[in-house]
Amino acid sequence: MPPMEDLSQVLRIRREKLEALAERGIEPFAYNYDATHRTVAVAASFEAAESEGRLSEDGDGEAVWLGGRIVSWRGHGKSAFAHLEDGDGSIQIYFKKDVLGDESFADLDLIDLGDWIGVQGQPFRTRTGEITVRAESYTLLTKSLRPLPFGKVETDAETGERTVHSGFSDQETRYRQRYADLAVHPEVREVFRTRSRIVSALRSFFDSEGFLEVETPVLQPLYGGASAKPFVTTHHALDQTMYLRIADELYLKRLIVGGLDRVYEIAKDFRNEGLSRVHNPEFTMLEWYQAFADYRDQMDMVERMLLHVLDSVIGSRTVTYGEHEITFEPPFQRLSLMGGLSDALGIDVHEMGESELRAKAEELKVPDLDGAGRGKLIDKLFGELVEPDLIQPVFVIDHPKELSPLAKPHREDPRVTERFELYIASAELLNAFSELNDPIDQRQRFEAQAALLAAGDDEAQQVDEDYIRALEYGMPPTGGVGMGVDRLVMMLTNQTSIRDVILFPILRDEE
RNA sequence: GACCCGGUAGCUCAGCUGGCAGAGCAACGGACUUUUAAUCCGUAGGUCGUGGGUUCGAGACCCACCCGGGUCACCA
């Protein structure tokens, strides 16, 4: 701790209050507090008592014990109003000198915004009608030594709309000090509560469908299952290079080989790439694999899964996302990638050679075409011409083979694979295919990837001999899906930056 | 990684063409026993992101760097 004289004024004054508390024999950091109620429950039980005529002659409810953080304060000389906030909400507290006694009331001088206190008293309605606990006693639970950046909150009496004045808005500080962001922004806490409920709903869905939740390695001797650059590290005792997983796909399919025929994993994946509104290098992926299913079955599964989440967490099948109203009503539209692009170009893409595609892409000024092959050019053109219009949920299906080294060839058209991606609000939410289970074909696809890797494509995959060995034992027909959980949370909580749905998003080291 | 914008009191921000570092909120002292962005009077609070440079003089201008936000690109 820096010496007192080096602290800024606001920090120094709180330290001085700590000393004053010691002089008055008040413990600033308590061990526990036996609360009988949470804030929201106090209001609910008061209202119930009120409507059933169980209030006292003075209009008081039954005594309650509450713990929480002081988030606002309005002193009036011999009385004061404050709001006490807990995990559920907040309630107003009325401190009155002739109720508390001179000494206890005087000790309130040492209480600040941000302090945690326990309060005991009876609820009543103030003249303006707000349910308020009249403090008969209070206990300091934790002294706050650093002021939280509370804004002043104005609540419109008619609409209930909340306006925050002089709040805490510096994005950098909010991400770096998420604890402070959460402490002063109930709406941020609500986003993360919703995130938690979404993840629970996903688990309950797959559990009820007979899937087994499993855990596969984060540290892998080879990485694969996606096109991405990995994080590299070293295991010292084994003197071995390890990669943080970019996907759990290849491990989950090994489990299908082993007879665990319905598995899912909610996993942190790591990709050594740039940051953006929709990318954090560490992100949460849900993958599931189901034996005997193909990609058509999985489209049905995706629809049912999303409806389960919407119905149980959001309570509506329509959500607002930015400027759009997104409606999840199955069956979602299915759009063939090649067909959609052909329509946009007015030419059958299957008939176009690589040079023709490149010319078209250059004509449209699509950036970063260096080294792009036929598949990548198609992908780029699709991204440029079709993706921006994919607002409502759409399954984009049947991708070119070059782009899909782990997908089965399409049973009716060998030029494409049995694959789909679900697009919502122009963003890719999930990716799925009928899993390639022919080990000889898989080896050829890996070798093509390895050639790309050798040629300098640092996002291409390596040959995974162990995975091929597993396929040689025999993997039943399998449908698999990978979904970006963070992105789903974004869409369902109307957050336009992935950082706003990740508690501690990656940031450059401070100093 | 490229481009654009930003970093000034605990927080939110102003600071013009280079001329004494400002406001609101929070804090501190005082008044106020049903307020709710409480109100009123007063006080204190600064490494102007960092390091160089130009200048009689730099928060401002120039250079480099650090950090963030946004946009683009790769990926979910």
Side-chain angles (χ1 to χ4, degrees), chain A residues 6-14 16-17 72-83 90 92-100 105 109 112-114 124-130 132 134 145-157 162-176 180 184 225-229 246-247 269 271-281 283-287 366-370 372 376 379-380 383 421-423 427-431 457-459 481-488 490 496-499 507-511:
Chain A
D6 289 357
L7 295 174
S8 72
Q9 186 185 45
V10 289
L11 295 183
R12 200 179 59 242
I13 286 165
R14 297 235 176 163
E16 287 165 3
K17 287 183 178 175
S72 69
W73 189 270
R74 293 172 293 284
H76 291 267
K78 296 184 181 65
S79 73
F81 289 89
H83 273 91
S90 71
Q92 182 166 256
I93 309 293
Y94 182 42
F95 297 98
K96 204 175 173 194
K97 189 172 185 178
D98 54 20
V99 174
L100 286 168
F105 191 81
D109 288 346
D112 286 299
L113 288 184
F124 71 106
R125 270 193 201 275
T126 62
R127 188 157 38 185
T128 51
E130 180 163 347
T132 300
R134 186 188 307 99
L145 294 180
R146 182 180 290 272
L148 280 165
F150 287 112
K152 290 214 167 185
V153 180
E154 182 179 18
T155 309
D156 189 293
R162 224 172 140 269
T163 312
V164 179
H165 302 270
S166 306
F168 181 42
S169 63
D170 183 77
Q171 283 297 335
E172 176 181 357
T173 317
R174 289 178 58 187
Y175 295 140
R176 286 195 191 283
V184 305
S227 301
K229 280 177 275 184
I246 59 172
D269 288 347
R271 300 188 181 174
N272 212 334
E273 294 162 345
L275 293 82
S276 84
R277 196 175 65 73
V278 287
H279 296 95
N280 194 63
F283 66 101
T284 304
M285 176 87 105
L286 162 66
E287 291 195 35
V366 177
D368 273 13
L369 296 172
D370 295 351
K376 206 148 197 174
D379 190 46
K380 291 256 181 199
E421 295 178 301
L422 178 63
Y423 279 84
E428 188 186 339
L429 179 65
L430 52 82
N431 181 25
D457 181 347
D458 52 8
E459 293 182 349
V481 182
M483 179 177 79
V485 173
D486 312 276
R487 289 193 183 169
L488 178 66
M490 286 170 68
T496 52
S497 170
I498 199 167
R499 296 174 161 209
L507 295 169
R508 218 176 281 267
D509 198 18
E510 196 176 8
E511 288 306 308

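We name chains A, B, ... by the order of the sequence lines, and we start the count at 1 in each one.
- The base-pairing partner of rU54(B), taking Watson-Crick or G-U wobble contacts with both distances under 3.5 Å, does not exist among the strands shown.
- H76(A) and F81(A) have perpendicular rings, their planes meeting at more than 60° on a 0 to 90° scale where under 30° would count as parallel.
- The residue I93(A) sits apart from the nucleic acid: no heavy atom pair falls under 4.0 Å.
- Between S276(A) and I498(A), the shortest heavy-atom contact is O-CG2, 3.8 Å.
- Residue Q92(A) is classed as a base contact, given a heavy-atom separation below 4.0 Å to a base.
- Here the P atom of nucleotide rA37(B) and the CD atom of E130(A) are 10 Å apart, to the nearest Å.
- The six-membered or imidazole ring of F150(A) lies away from that of W73(A), with a centre-to-centre distance of 6.0 Å or more.
- Nucleotides rC67(B) and rU54(B) are separated by 26 Å at their C1' atoms, to the nearest Å.
- The residue G484(A) sits apart from the nucleic acid: no heavy atom pair falls under 4.0 Å.
- At a threshold of 4.0 angstrom between heavy atoms, the contacts of L507(A) are confined to the sugar-phosphate backbone, with no base atom among them.
- Between the side chains of T132(A) and Q92(A), a donor-acceptor pair is found at a separation under 3.5 Å.
- Within the nucleic acid shown, R14(A) has no heavy atom closer than 4.0 Å to any nucleic acid atom.
- Annotation: rU71(B) and rA14(B) have their C1' atoms spaced 27 Å apart (nearest Å).
- R162(A) places no side-chain N or O within donor-acceptor distance of the main-chain N or O of V153(A), the cut-off being under 3.5 Å.
- Across rU12(B) and rA26(B), the matching C1' atoms stand 11 Å from one another, rounded to whole Å.
- Going from the P atom of rC25(B) to that of rG68(B) covers 33 Å, rounded to whole Å.
- Look at CZ on F124(A): it is 10 Å from C1' on rU35(B), rounded to the nearest Å.
- Residue contacts shown for T173(A) are absent, as no nucleic acid heavy atom lies under 4.0 Å away.
- Spacing of C1' atoms, rU47(B) relative to rA37(B), comes out at 33 Å, to the nearest Å.
- Checking rU71(B) for Watson-Crick or G-U wobble geometry (two distances, each under 3.5 Å) identifies rA2(B) as its partner.
- If you find the closest nucleotide of RNA chain B to M483(A) and to T155(A), the one lying nearer the 5' end belongs to T155(A).
- The partner of rA38(B) cannot be assigned: no Watson-Crick or G-U wobble pair with both contacts below 3.5 Å exists in any strand.
- Spacing of P atoms, rG22(B) relative to rA27(B), comes out at 23 Å, to the nearest Å.
- Each of K96(A) and G151(A) lies near RNA chain B, and the nucleotide nearest G151(A) is the one positioned closer to the 5' end.
- A donor-acceptor contact under 3.5 Å links the side chain of R74(A) to the base of rU35(B).
- Rounded to whole Å, the separation between the P atoms of rA64(B) and rC5(B) comes to 15 Å.
- At the heavy-atom level, N280(A) lies under 4.0 Å from base atoms of the strands shown.
- Picking from rG10(B), rA27(B), rA37(B) the nucleotide with the shortest atom distance to the side chain of D112(A) gives rA27(B).
- With a cut-off of 3.5 Å on both pairing distances, the Watson-Crick or G-U wobble partner of rU12(B) is rA23(B).
- Remark: P of rG1(B) and CD of E273(A) are 14 Å apart, rounded to the nearest angstrom.
- The phosphate of rC13(B) has OP1 or OP2 within less than 4.0 Å of a side-chain N or O from S169(A).
- rC40(B) and rG51(B) have their P atoms separated by 41 Å, given to the nearest Å.
- Atom C1' of nucleotide rA27(B) and atom NZ of K152(A) are separated by 12 Å, given to the nearest angstrom.
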- Step by step, would you call V278(A) with M490(A) a side-chain contact (heavy atoms from CB on, under 4.5 Å)? CA-CA 9 Å; V278(A) 287; M490(A) 286 170 68; 4.0 Å; yes
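- In this entry the distance linking CD of E16(A) with C1' of rA27(B) reads 12 Å, nearest Å.
- D170(A) comes within contact range of the sugar-phosphate backbone alone, with a heavy-atom separation under 4.0 Å but no base atom that close.
- At the heavy-atom level, E428(A) lies under 4.0 Å from the strands shown only through sugar-phosphate atoms.
- Using a 4.0 Å heavy-atom criterion, one finds that Y94(A) contacts the bases of the nucleic acid, with or without backbone contacts as well.
- Distance NE2 (H76(A)) to C1' (rC32(B)): 8 Å, rounded to an integer number of Å.
- A distance-only check finds a donor-acceptor pair linking the side chain of S72(A) to the backbone of H83(A) [under 3.5 Å].
- Across the protein-nucleic acid pair, K78(A) atom NZ and rG30(B) atom P stand 12 Å apart, rounded to whole Å.
- For a distance-only test at 3.5 Å, the side chain of T126(A) qualifies as a donor-acceptor partner of the base of rU35(B).
- G75(A) comes within 4.0 angstrom of a base, heavy atoms only.
- Checking rG46(B) for Watson-Crick or G-U wobble geometry (two distances, each under 3.5 Å) identifies no partner in any strand.
- Put simply, CZ on R176(A) is 18 Å from P on rG10(B), counting in whole angstrom units.
- Judged by distance alone, with hydrogens and angles left aside, the side-chain atoms of N431(A) form no donor-acceptor pair with the main-chain N or O of G482(A) at under 3.5 Å.
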